[in-house]
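Taking it in order: structure first as structure tokens, then the write-up.
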Amino acid sequence: MHTRSKRHDTMEETEVNISLVSVSELKGATAFNRRALRRLGRTPLNVDLNVRAVPDIERSIISLVVSCSYIGVFDFIRTRVFTCAVVVNFEVPGLGAILALQGEDYVVSGKVMSTMLGMAVGALRGVIAVRTADTPLRFRPLPIIDLTALMYRMQFASVKK
């Protein structure tokens, strides 16, 4: 996969190769609140999404950990009904060239991060579909994620050093 990117320090346009290396469900991160599932009925659910990016510059690998929680309100108490997480690893040759240091955080090019997030969120949705197939959540739509809002919430794709 090729994507065009602008480096933050020089703002030169460069071409970046991104290869999907692996997708896996994060062990122990998928959990159901059986009590909340029994009470679910037509209770509206909100979906909280979290993303953590971990670059390994020496190996030219960047890992995205994408997790979500389905939250319902029962008797005025916000309750997690379901949580799930995936780890998606990407190989990005010359990874250091598309990272810029900003304080203690690395900033990944927005176009590159957007491409990787699109694939990672798609993988998460697939795991959610499989894991909720035999539960009352199977009748709920899968979360639709606004990548633009997510990128903004991530403060323009900054990742910890």
Pairs involving residues 23-34, ordered by first then second residue, that meet side chain to side chain donor-acceptor pair (under 3.5 Å) (sequence neighbours left out): E25-T30, E25-R131
Sidechain-backbone polar pair: T79 side chain, I77 backbone, donor-acceptor under 3.5 Å: yes
Salt bridge (charged side-chain N to carboxylate O under 4.0 Å, His left out) partners for R59, two or more places apart: D56
Closest approach of S60 to G94 (non-hydrogen atoms, all atoms of both residues): OG-N, 3.7 Å
Remaining members of the apolar cluster that contains L26, side-chain heavy atoms under 4.5 Å: V65, V87
Non-neighbouring partners of D75 that pass salt bridge (charged side-chain N to carboxylate O under 4.0 Å, His left out), sequence neighbours left out: R39
Nonpolar side-chain network containing V21, other nodes, edges under 4.5 Å: I61
Heavy-atom pair of closest approach, residues A53 and I62: CB-CD1, 4.4 Å
By salt bridge (charged side-chain N to carboxylate O under 4.0 Å, His left out) - contacts of R35 (at least two apart): none
Working for side chain to side chain contact (heavy atoms under 4.5 Å, CB included), residues V108 and L99: CA-CA 5 Å; V108 179; L99 296 175; 3.3 Å; yes
Pairs where residues 80-93 contributes a residue and the test side chain to side chain donor-acceptor pair (under 3.5 Å) is met, not counting sequence neighbours: S22-N89, S63-N89, S69-R80
pair V88-M116: side-chain heavy atoms closer than 4.5 Å: no
CA sep, side-chain torsions, deciding dist, call: L45, V81, side chain to side chain contact (heavy atoms under 4.5 Å, CB included): CA-CA 9 Å; L45 295 175; V81 176; 3.9 Å; yes
Verdict with reasoning, L64 to M113, per side chain to side chain contact (heavy atoms under 4.5 Å, CB included): CA-CA 10 Å; L64 294 185; M113 183 58 86; 4.0 Å; yes
Gap separating the CG atom of N50 from the CG atom of D48, nearest 0.5 angstrom: 7.0 Å
Linked, directly or transitively: I71 and L40 (ILVMFWY side chains, under 4.5 Å): no
Using residues 122-130 as the side-chain source, report each donor-acceptor pair under 3.5 Å to any protein atom, sequence neighbours left out, with the distance given to one decimal.
{"residue": "R125", "atom": "NH1", "partner": "P143", "partner atom": "O", "Å": "2.3"}

Path from V47 to L37 over hydrophobic side-chain contacts below 4.5 Å: yes
Please list, one pair per line, the donor and acceptor atoms closer than 3.5 Å that link side chains of residues 135-142 to other protein atoms, with sequence neighbours excluded.
{"residue": "T135", "atom": "OG1", "partner": "T132", "partner atom": "O", "Å": "2.9"}
{"residue": "T135", "atom": "OG1", "partner": "L137", "partner atom": "N", "Å": "3.1"}
{"residue": "R138", "atom": "NH1", "partner": "T135", "partner atom": "O", "Å": "2.8"}
{"residue": "R140", "atom": "NH1", "partner": "T43", "partner atom": "O", "Å": "2.8"}
{"residue": "R140", "atom": "NH2", "partner": "G41", "partner atom": "O", "Å": "3.0"}
{"residue": "R140", "atom": "NH2", "partner": "T43", "partner atom": "O", "Å": "2.9"}

Any residue meeting ring-ring contact (aromatic ring centres under 6.0 Å, His included) with F90, in chain and number order, not counting sequence neighbours: none
Within residues 40-78 or reaching into it, pairs that qualify as ring-ring contact (aromatic ring centres under 6.0 Å, His included) - sequence neighbours excluded: Y70-F82
